[in-house]
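Read the numbers this way: they start at 1 and go in the same order the structure lists the ligands and their atoms.
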Amino acid sequence: MEQYVIKGGIPLTGEVEIGGAKNAALAILTEAIMTDDTVTIENIPDVSDINALLGALSYIGATVDRIDRHTVSISGETIKSVSVEYEFIKKIRASYYLLGAMLGKYKKAEVPLPGGCNIGSRPIDQHLKGFRALGAVIQIKNGCILAEATNLHGAHIYLDMASVGATINIMMAASLATGRTIIENAAREPHVVDAANFLNSMGANIKGAGTEVIRIKGVEKLHGSTYTVVPDMIEAGTYMAAIAATGGDAIVKNVIPKHLEATSAKLKEMGCIIEEMDDSIRVSVNGKLGKTHIKTQPYPGFPTDMQPQVAAVLSTSKGISIVTESIFENRFKYADELMRMGANIKVEGNTAIIDGVEQLTGARVCAPDLRAGAALVIAGMMAEGVTVIDDIVYIHRGYEDFDEKLRGLGAKIERVNSEKEIQKFKLEVV
Ligand code: UD1
């Protein structure tokens, strides 16, 4: 089992390049199988969630060619099965996008029901409600969702909450249904827009993605396309938080500053200096950061996927900050770990009250999930002394070359896999 070892106290400086958005790529790679033509997708991040999804696509018979580290070509022509194994959904929840993709293309799909996960119970009732409205018969049998339609047709669908997954899944199926579909209370996240843009590039007719109402006119078939995934706003936000946390001064490159507005606004409230350029953002700090309050909300609100990282920064910001999580019920698992590093955090229900301490100190901690793991890396870089983080497999689900990119900004971080290597690192940095 690998660990990260970090010697804290070094302000991050220089430049870091952001990759393609993992969550957009998960949707787009699945959409790619909806045509029998070959599709080429560029700017795919090389992270384990993406590789798990590519495994699921190969499993059902799609031809998946990794042209280079960030480019994949896919052909859905060779697909032989509309049934996905539990093993894949266990590794990558977003395999549920295969429901919408296969229901649209083959009018039939069989995908295991994803259970809860580390951050919450995560039901998919809104996805299924949408498929039913489109005319599909949905049965749950032996832990599997069986979706089948003799006549997949347009419908007027109101989502009870602005779910990213449900919006994208319904958009996929509706693109190959007959007639018009309207999705009300649709999610507005940049990856919903990217997933819609890609479907349109394949010949779909989707309007309004990025607003609360998406209108889809079904088409008979989709065709091949070459498409580049948008930059990852959460990867970018994570580096912005890390620069702020260490009192650094660095540029985050290859971003869409508009997507980062909620994160930028909060960092500014805390006292960071944020300079937006066309496709990059400079973050710098002048003096001690202060408190702020955060409430996670669907886009354009503050993203739940940035909550742990910014909470880590708040752990040493002057004053009492209140962080309210309104999307997932189990997103404060980092709090106990941060407290082992000296933070003062009280979690009550969906609220964390963070009383900023002067300084964190290095400790051995465990990454509870992807973003909480990133938060602990940030905490390690803020802390005095050495921090060891276990279970970093979670972090590799969503961050490509995390340690390497942080070293590029001057951080002292190594990826190790034995106690001997941890001791060696400690001896080297004291
Ligand atoms: C996506 C992102 C995830 C991010 C989340 C919120 C991907 C692969 N993952 O997850 O990183 O944290 O958006 O921005 O893109 N809900 C229901 N029923 C449903 C669907 C959702 O009750 O059918 C609830 C969820 O439990 C949650 C809220 O709605 O409370 C939002 O979830 P949703 O937007 O669907 O998140 P995901 O698409 O799973």
With no hydrogens and no angle check, is any side-chain donor or acceptor of Lys107 less than 3.5 Å from a backbone partner on Gly104? yes
Between Asn205 and Arg180, is a side-chain hydrogen bond (donor to acceptor under 3.5 Å, both in side chains) present by the stated rule, with each step listed? CA-CA 10 Å; Asn205 186 339; Arg180 290 167 195 269; over 6 Å; no
Atom 28 (C) of ligand 1 [closest protein heavy-atom partner, distance rounded to 0.1 Å]: Ile327 CG2, 3.9 Å
Under 4.0 Å between heavy atoms, the region of His127 that gets near ligand 1 turns out to be both
So is Arg331 close enough to ligand 1, meaning a heavy atom under 4.0 angstrom away? yes
Looking only at non-hydrogen atoms, the one of Phe328, Tyr299, Tyr96 nearest atom 5 (C) of ligand 1 is Phe328
Looking at atom 6 (C) of ligand 1, what's its closest protein heavy atom, distance included? Thr304 CG2, 3.7 Å
How long is the straight-line distance from CD1 of Ile322 back to OG1 of Thr292, given to the nearest 0.5 Å? 10.5 Å
Using distance alone, with no hydrogens and no angle criterion, decide if Thr71 and Asp68 have a side-chain donor and acceptor under 3.5 Å apart. yes
By number and element, which atoms of ligand 1 are closer than 4.0 Å to a non-hydrogen atom of Gln126? 18 (N), 19 (C), 23 (O)
Working for side-chain hydrogen bond (donor to acceptor under 3.5 Å, both in side chains), residues Gln309 and Tyr334: CA-CA 10 Å; Gln309 301 90 310; Tyr334 60 82; over 6 Å; no
Under 3.5 Å, which donor-acceptor pairs link side chains of residues 56-63 to any protein atom two or more places apart or in another chain?
from	atom 1	to	atom 2	distance (Å)
Ser58	OG	Leu54	O	3.1
Tyr59	OH	Glu85	OE2	3.1
Thr63	OG1	Thr78	OG1	2.7

Quick test: of every protein heavy atom, which one is nearest to atom 12 (O) of ligand 1, and how far off is it to 0.1 Å? Asp305 OD1, 2.6 Å
Pair Glu42-His70, side-chain donor/acceptor within less than 3.5 Å: no
Regarding Lys346 and Glu348, does a basic nitrogen lie under 4.0 Å from an acidic carboxylate oxygen? yes
Among all protein heavy atoms, pick out the one at the shortest distance from atom 2 (C) of ligand 1; state its residue, atom name and that distance to 0.1 Å. Asn23 ND2, 3.5 Å
The reported gap from CD1 in Ile124 to CG in Leu99 (rounded to nearest 0.5 angstrom) is 6.0 Å
Nearest non-hydrogen protein atom to atom 35 (O) of ligand 1, with distance, is Ser163 OG, 2.6 Å
Hey, does Val164 come in under 3.5 Å of ligand 1, counting only N/O atoms on both sides? yes
Got the closest protein heavy atom to atom 38 (O) of ligand 1, with its distance? Gly165 N, 2.8 Å
Are Pro123 and ligand 1 in contact, using a heavy-atom cut-off of under 4.0 Å? yes
Name every donor-acceptor pair, under 3.5 Å, that has one atom in a side chain of residues 369-382 and the other anywhere in the protein, sequence neighbours excluded.
from	atom 1	to	atom 2	distance (Å)
Asp369	OD1	Arg371	N	3.3
Asp369	OD1	Ala372	N	3.0
Arg371	NH1	Tyr399	OH	3.0

Considering only heavy atoms, which of Met161, Arg371, Arg122 lies nearest to atom 16 (N) of ligand 1? Met161
Considering only the protein, which heavy-atom contact is closest to atom 18 (N) of ligand 1, and what is its distance? Asp125 OD1, 2.8 Å
Pairs of nitrogen or oxygen atoms closer than 3.5 Å, one from Arg93 and one from ligand 1: do any exist? no
